[in-house]
Amino acid sequence: MSVDMFDVAIVGLGPTGAVAAGLLGGRGVKVWVGDRLHDVYDKPRAIALDHEIMRVFQELNLVDAIASFTEPFTNSEFFGVDGQLIKCMSTVAEPYPLAYTPSLVFSQPPVEAAMRAHLSSLPNVTVSLGQTVTAVTQDSAAATLTVVDAQGHSSQVQARYVIGCDGASSFVRSQVGVTLQDLGFDEPWLVVDVLVNEQGLKKLPKTSVQYCEPERPCTLVIGPKNHRRWEISINPGEDPQHLATPEGTWPLLARWLTPDDATLWRQASYRFHALVAQDWRQGRVFLAGDAAHQQPPFLGQGMCQGIRDAANLSWKLAEVLAGRAQDSLLDTYGQERKAHVTELTRRIKGIGQLVGQRDVAKARERDAHLLAECGGVVQPMPRQNVQPALADGCLVPGTAAVGTLFPQAWWQQGAHKLRMDSVLGTGWRVFLAASADAGCEAALAAVPASLQLKVIRLGTPEAPECDGVLAHWFTTQGCQAAWVRPDHYVFATANTASELTPQLHTLRTFFS
């Protein structure tokens, strides 16, 4: 029996798998993506997005389709033992660096449905639902999935590469023998999603809140429209299963609401973990999303992390599959993402420990310390400040802004304003400051034609930015040229034409 050969097979059609399939499909890659379930899960799990993820959705042409399901994230206010404000997390000021509101809340089910609808428009993406993967094998030529449908019929899918996006209990991860590293966080919490009526909304805070109270640490997130989420710590001796029932949940919400004020949408008890895969690649098999990492939800980064995985891996797979890049480029996926996830999880864990301090004396010390740091006047800190840079991989270490996201400006196009990526695309680009060395363009002429490099100099008709974001970035970073990868991360920066040549040599170690 002949078996179709795909370029990439993706196991799991949650957000990470759907984004990976969409990005790869958009780059002309032949993709199979399967999931054991037929439908999008009808309740929310993720609730937060950021501007980096919106930029990925822009590449997938999803921004308009999901706009009505998103809203700006309010500030998050942290209140201490005695109810005093001790910390505040906010967003950066306009003009926004990526041309989107930097922090957003969203409704997951309709956004996932839009992702799947997009996949149906891609002729080179095959979606197979109701398919359970029962084996993963690989050899020097391909990887093979054995899949079984709801009727028990078995078949095989072959692909040059496999991405396991099949969640925290990943079957793919177990099949390739990858273990998880414990980053030292393990706590029981109850997550409650509520649809609040007008009467109830009048009772609730207008900003999201972290209740840093030793007797029961708790988070309130203001979701889109009338959706509100509580994350409530579970005390020793309490039954997590009982708390996840209406009888167990309503007494915990009584501080804010009664059953007359709202409808329960979802209650689920979890153990919040901080885990990361030891290895992110085993031969032809890669892990992404919850299969590769799990983190506490205190910054709403779980789904964002998975989508960053998909964005990082998809362009690299496309380059290798097209014969433009060496296989070694694929090793940089795990290098970059594992280090980034580990560091961000460490920072999220720190916020969780701040919120969840159970010792009253230590909690008072925490409050006093935070207030002393700000001179008694709490200043909002942008959530974006928590994001680390990429530290190793397909980068030139030691150059300004390396491993950070390059901005996206608004471009003036006649009478209209468009986001920059919609005009330039998302391939390799080098941006030059208006004052950059006149020899930069000549130095860049040696870039392999297969890279299809775009060179954009500010202050010319080809770079009609209308908000000054790029010009400000170059001034702030103190550089004259920036190499930007297809996933919008800065590969390297330079100040002179002569500095570009060794950077090009580094690029050539990955590209044919």
(message) Could you measure the distance from the CG atom of L49 to the CE atom of M54? Nearest 0.5 Å is fine.
(response)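 It comes to 7.0 Å.
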
(message) Distance check, rounded to the nearest 0.5 Å: L183 atom CG versus Q295 atom CD?
(response)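 Answer for the CG-CD pair, L183 versus Q295, is 9.5 Å.
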
Check the side chains of [Y] and [X] for a donor-acceptor pair under 3.5 angstrom, ignoring hydrogens and angles.
X	Y	result
T74	S208	yes
R337	H340	yes
S435	Q480	yes
Q58	Y100	yes
E112	Q108	yes
E71	T101	no

(message) Distance to the ring centre below 6.0 angstrom and angle to the axis at most 45 degrees; does that hold for R281 and Y333?
(response)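 Judged by the rule (NZ or CZ under 6.0 Å from the ring centre, within 45° of its axis), R281 is not positioned above Y333.
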
Is a donor on one side and an acceptor on the other found under 3.5 Å between the side chain of [X] and the backbone of [Y]?
X	Y	answer
D7	V31	no
Q175	V136	yes
E336	C394	yes
R419	A99	yes
R457	A436	yes

(message) For F431 together with W473, are the ring centres under 6.0 Å from each other?
(response)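 Between W473 and F431, the centre distance exceeds or equals 6.0 Å.
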
Beyond-backbone contact of [X] with [Y], side-chain heavy atoms, under 4.5 angstrom:
X	Y	answer
L344	Q387	yes
D279	V176	no
S328	F510	yes
Y96	V469	no
W483	L507	yes

(request) Applying salt bridge (Lys or Arg N to Asp or Glu O under 4.0 Å), name anything that partners R229, two or more places apart in sequence or on another chain. (result)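 Counting only residues at least two positions away or on another chain, R229 forms a salt bridge (Lys or Arg N to Asp or Glu O under 4.0 Å) with D193.
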
(request) List in chain and number order the residues that pass salt bridge (Lys or Arg N to Asp or Glu O under 4.0 Å) with R429, two or more places apart in sequence or in another chain; answer none if no residue qualifies. (result)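 For R429 the salt bridge (Lys or Arg N to Asp or Glu O under 4.0 Å) partners, ignoring immediate neighbours, are D421.
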
(request) Describe, in one word, how the ring planes of Y161 and F286 are oriented to each other, choosing from parallel (under 30°), tilted (30 to 60°) and perpendicular (over 60°). (result)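 The arrangement is tilted - the two ring planes meet at 30° to 60°.
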
(request) Mind telling me whether W315 and F511 have parallel, tilted or perpendicular rings, with 30° and 60° as the class edges? (result)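 Answer is parallel, since the angle falls under 30°.
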
(message) Using the rule side-chain contact (heavy atoms from CB on, under 4.5 Å), only one of V147, L287, D166, D35 pairs with V11; which is it?
(response)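 Only one option passes, and that is D166.
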
(message) Going by side-chain contact (heavy atoms from CB on, under 4.5 Å), T146 matches just one of V133, T137, V157, T134. Which one?
(response)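 Answer after filtering V133, T137, V157, T134: T134.
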
What pairs of donor and acceptor atoms, side-chain ones from residues 445-453 against any protein atom, are under 3.5 angstrom apart with sequence neighbours left out?
none

(request) Scan R308, R55, R383 and name whichever one has a salt bridge (charged side-chain N to carboxylate O under 4.0 Å, His left out) with D50. (result)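 Answer to the salt bridge (charged side-chain N to carboxylate O under 4.0 Å, His left out) test with D50 among R308, R55, R383: R308.
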
